[in-house]
Amino acid sequence: MPPNIAIFAVIFVASVALFGWSCFRRFRLVTLGKADNRFSNIGKRIGNMLYQAFAQRCTVSHGYRFGLNHLVLFWCFMILLIETTEFLFNGVFPDHIDLSLLPAGLYHALSFIFDWVSLFALLAVCAAVIRRLAFPPSYIVARSLEAFVILGVIAILMITFFGMNASEIAQGGVEAARYMPISSLVASIFFMDVSAGSLVGYANFFWWIQAIAMLSLLNYLPYSDHMHVLTAIPNCFFKSLTKVNTQSREEFKESNIFGVGRVDQFTWKDLFDSYSCSECGRCTDCCPANFTSKPLNPQRVIHDIKVNLLKNGPLMLRNKDPILPLISDGQEQDGSISEEVIWECTTCGACMEVCPLAIEHVPKIVDMRRHLVEMKAEFPEELLAFFENMEQRSNPWGIAPGERIKWATDIDAKPFEAGTTEYLFYVGCAGAFDARNRRTTLAVAKILDAAGISWGILGKDEMCCGDSLRRLGNEFVFDRIARENIKMFAERGVKKIITQCPHCYSTLKNDYLQYGAELEVSHHTELINNLLKEGKLELNRTNDLGKAVFHDSCYLGRYNNIYEAPRKVFASATGQIPTEMERHHDKSFCCGAGGGRMWMEEAIGKHINVARVEEALNEDLETICVCCPYCMTMFEDGLKDKDAVDRVQVLDLAEIVARALKKD
């Protein structure tokens, strides 16, 4: 029973009104963002929300075992939301809203559940506090005042729950007392010899403390870093229905603004993402740039977008200019996110894969790159030659297109002919121009011939797919190349494509789909696996590799879910299962070349490829198996850096299979 209905009713109504006003002020800022349709396929979205938010799928996966504590706290919170709602409304309408008005069985069951759940919540809070004090993980700001305030308020809610119920049980007359073992135990320990008058005083005291704590927490959330309590579940509802493995198209009109240089140029979902970050730090923990001591911190990027929105949003709503720039150049202009941070991303996607709340980090970073490249012509100096080479000769090195066919000097590589050739072998720039990767190209060609595949090439007419251009933010040149490639594919009658490069694979399959090109694209690992299953390819197992580890390419694995096909092919070709490095499959570590980083200097911290090579060398291996020309280059460079070239070889899976081909 509430101690004073009138006083509480005034406080309750004022608190709810203030909470509503705070939410309105915060969430109307999200409307500043550009349109983004996240309301399609409601059924699938509800399923995603149940799986991601309510089942806490990402919270308890990826090796973060303490996520179980969050799972316990989350579900305790959800269950106690019923009790909390009843408590608050009972304070205003005690004669009409009370659990004791329910049928006895249901009332007793709920009393039993709430009693135990409150204990679990209190224990989970204690565990979180101990972890933050005694075992703070490196990837979060563990000892923040705000975190302890939130945990402290939750602890107060649980303690006052037991204090209030125990003092009422000690007074007698609580029908459900025998179904509340924890509260009854507290009553027997602390209130056995307390007078009736004092018990009433205790009950009132705990009631008011609980009410004030609840309403205070409610009004603190919209202004705290724990705003995700309000936004996490809807953010999972609005998550992308497909893998975030591409960027949005731009419309090139004279008056358009390209990329994101102000916070209101993000989409509303981007801005909602910034409200939803729980600052768990997992994105930062798995970021290869952050791991190698570079300034990029994915969690911080999302946080800084929120801070920028809160600072500038109210001004923008009044049609005034923002006072805090979004992007800082680190010299003349101070802003929320430095250019240095923006250029360090390898777009490996590990941050998005591990995020429990489906926040999309990479598209935001690429959008800011677009602004720098297309609106301000500001980018790292070494990219100038790359952009010029791509624009003029459609390859990163600026080599004459006639050189593209040199890899096939000693074989009979036929040109693709519509109606005659089934597959276009899209060699890619690295496969055509890079001396080491040409060996992989020849191996793929040998395998295709052995399987009797009808394949052809475009020769000097082949152009770059544009992957690095798009990830680096040069959407204008990418758009031109994509349209020209798609036009050529249509004119030549190309419908099926084989490629050995995961970056070409992902771009042709996912990015070109935005242009209406529905191509059947196969990575060579997928194709070989299918050929083996169909019996079109027979192998003699080769066992001259020694101990071998397998490295997952980000653009094959995380971007396109191709993990098992290459492992099955490796097992078929060698008779052994490849050794896994510490980080593999969806937790794999980037080689450092994605996102256009292949063409940039790595001046800060340890080189990412060296860090990955060190991880491989921990396995005491003799062979590193890769499925990507970028990975090939980065691993070979890393081995040189570690002076391990003489004892460890890097082979593409195609080279291993080509060695194992049965000879006639």
Side-chain angles (χ1 to χ4, degrees), residues 22-36 141 144 146 221-228 230-232 235 238 247-248 257-281 283-284 287 289-290 294-345 351-352 355 357-376 378 473:
S22 299
C23 289
F24 172 74
R25 290 182 62 201
R26 282 285 186 264
F27 291 123
R28 72 171 178 163
L29 299 181
V30 173
T31 64
L32 286 165
K34 295 189 297 186
D36 185 2
V141 182
S144 75
E146 183 178 308
L221 288 178
Y223 297 97
S224 76
D225 288 340
H226 282 68
M227 194 159 55
H228 75 276
L230 305 174
T231 58
N235 203 52
F238 292 125
Q247 279 75 48
S248 59
I257 295 172
F258 307 120
V260 171
R262 281 183 17 164
V263 74
D264 59 338
Q265 291 162 2
F266 283 118
T267 69
W268 70 264
K269 175 59 169 59
D270 289 326
L271 302 182
F272 202 72
D273 273 356
S274 74
Y275 282 175
S276 304
C277 178
S278 65
E279 302 193 6
C280 68
C283 55
T284 300
C287 174
N290 191 271
K294 297 175 178 57
L296 173 58
N297 179 333
Q299 173 194 308
R300 194 73 197 172
V301 170
I302 301 302
H303 174 82
D304 288 344
I305 290 173
K306 180 179 74 175
V307 171
N308 194 280
L309 177 64
L310 296 178
K311 187 83 174 178
N312 294 324
L315 295 171
M316 292 174 172
L317 285 173
R318 299 198 297 272
N319 293 319
K320 294 185 176 180
D321 291 333
I323 56 174
L324 177 63
L326 179 65
I327 301 174
S328 165
D329 63 9
Q331 297 172 349
E332 298 177 356
Q333 179 175 268
D334 291 327
S336 294
I337 303 168
S338 74
E339 291 185 19
E340 194 177 47
V341 164
I342 293 168
W343 291 112
E344 291 294 351
C345 180
C351 50
M352 297 188 292
C355 180
L357 299 176
I359 291 172
E360 298 160 14
H361 307 71
V362 173
K364 296 173 182 55
I365 291 174
V366 172
D367 276 339
M368 288 187 280
R369 286 182 175 182
R370 286 180 177 178
H371 171 78
L372 292 172
V373 173
E374 298 180 308
M375 299 296 294
K376 302 182 74 174
E378 292 180 359

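Residue numbers run from 1 in the order of the sequence given. What's counted below: heavy atoms across the whole structure, side chains too, no hydrogens, waters or symmetry copies.
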(message) Going by side-chain contact (heavy atoms from CB on, under 4.5 Å), Cys351 matches just one of Thr284, Ile359, Val362. Which one?
(response) Val362

(request) Go through Glu340 and Leu296 one step at a time and tell me if the side-chain contact (heavy atoms from CB on, under 4.5 Å) criterion holds. (result) CA-CA 8 Å; Glu340 194 177 47; Leu296 173 58; over 6 Å; no

(request) Side-chain contact test, heavy atoms from C-beta onward, threshold under 4.5 Å: evaluate it for Arg25 versus Pro222 and give yes or no. (result) no

(request) Would you indicate whether the side-chain heavy atoms of Leu29 and Pro314 approach each other to under 4.5 Å? (result) yes

(message) Treating Glu378 as the side-chain partner and Leu372 as the backbone partner, does any N or O pair qualify as donor plus acceptor under 3.5 Å?
(response) no

(request) Mark yes or no for whether Glu146, through its side chain, and Asp225, through its backbone, hold a donor-acceptor pair below 3.5 Å. (result) yes

(message) Restricting to side-chain contact (heavy atoms from CB on, under 4.5 Å), what partner residues turn up for Met316, sequence neighbours left out?
(response) Leu32, Arg262, Val263, Asp264, Asn312, Pro322

(request) Tell me, please, which residues at least two apart from Lys311 pass side-chain contact (heavy atoms from CB on, under 4.5 Å). (result) Ile323, Leu324

To the nearest 0.5 angstrom, please state how far the [atom1] atom of [X] sits from the [atom2] atom of [Y].
| X | Y | atom1 | atom2 | answer |
| --- | --- | --- | --- | --- |
| Leu230 | Tyr275 | CG | OH | 11.5 Å |
| Leu221 | His228 | CG | NE2 | 9.0 Å |
| Thr231 | Arg26 | OG1 | CZ | 12.0 Å |
| Glu339 | Ile337 | CD | CD1 | 11.5 Å |
| Ile302 | Cys283 | CD1 | SG | 7.5 Å |
| Ser274 | Met227 | OG | CE | 7.0 Å |

(message) For Ser278, give me all partners under side-chain hydrogen bond (donor to acceptor under 3.5 Å, both in side chains), at least two apart in sequence or on another chain.
(response) none

Specify the closest pair of heavy atoms between [X] and [Y], including all atoms of both residues, with the distance to one decimal.
| X | Y | answer |
| --- | --- | --- |
| Pro363 | Met352 | CD-SD, 3.9 Å |
| Ala232 | Leu357 | CB-CD2, 3.5 Å |
| Gln265 | Gly259 | OE1-O, 3.8 Å |

(request) Classify the ring geometry between Phe272 and Phe27 as parallel (under 30°), tilted (30 to 60°) or perpendicular (over 60°). (result) tilted

(request) Using ring-ring contact (aromatic ring centres under 6.0 Å, His included) as the criterion, list what pairs up with His303, not counting sequence neighbours. (result) none

(request) Just jot down the ring-ring contact (aromatic ring centres under 6.0 Å, His included) partners of Tyr223, sequence neighbours excluded, or say none. (result) none

(message) Run Ile365 and Ile342 through side-chain contact (heavy atoms from CB on, under 4.5 Å) and show every step you take.
(response) CA-CA 6 Å; Ile365 291 174; Ile342 293 168; 4.3 Å; yes

(request) Tell me, with the steps shown, if Phe266 and Met368 meet side-chain contact (heavy atoms from CB on, under 4.5 Å). (result) CA-CA 9 Å; Phe266 283 118; Met368 288 187 280; 4.2 Å; yes

(request) Can you run down the salt bridge (Lys or Arg N to Asp or Glu O under 4.0 Å) pairs that involve residues 358-371, sequence neighbours left out, and say none if there aren't any? (result) Arg38-Glu360, Glu250-Arg370, Asp270-Lys364, Asp273-Lys364, Asp367-Arg370, Arg370-Glu475

(request) Give the C-alpha distance, both sets of side-chain angles, the deciding distance and a yes or no for side-chain contact (heavy atoms from CB on, under 4.5 Å) between Thr31 and Leu271. (result) CA-CA 9 Å; Thr31 64; Leu271 302 182; over 6 Å; no

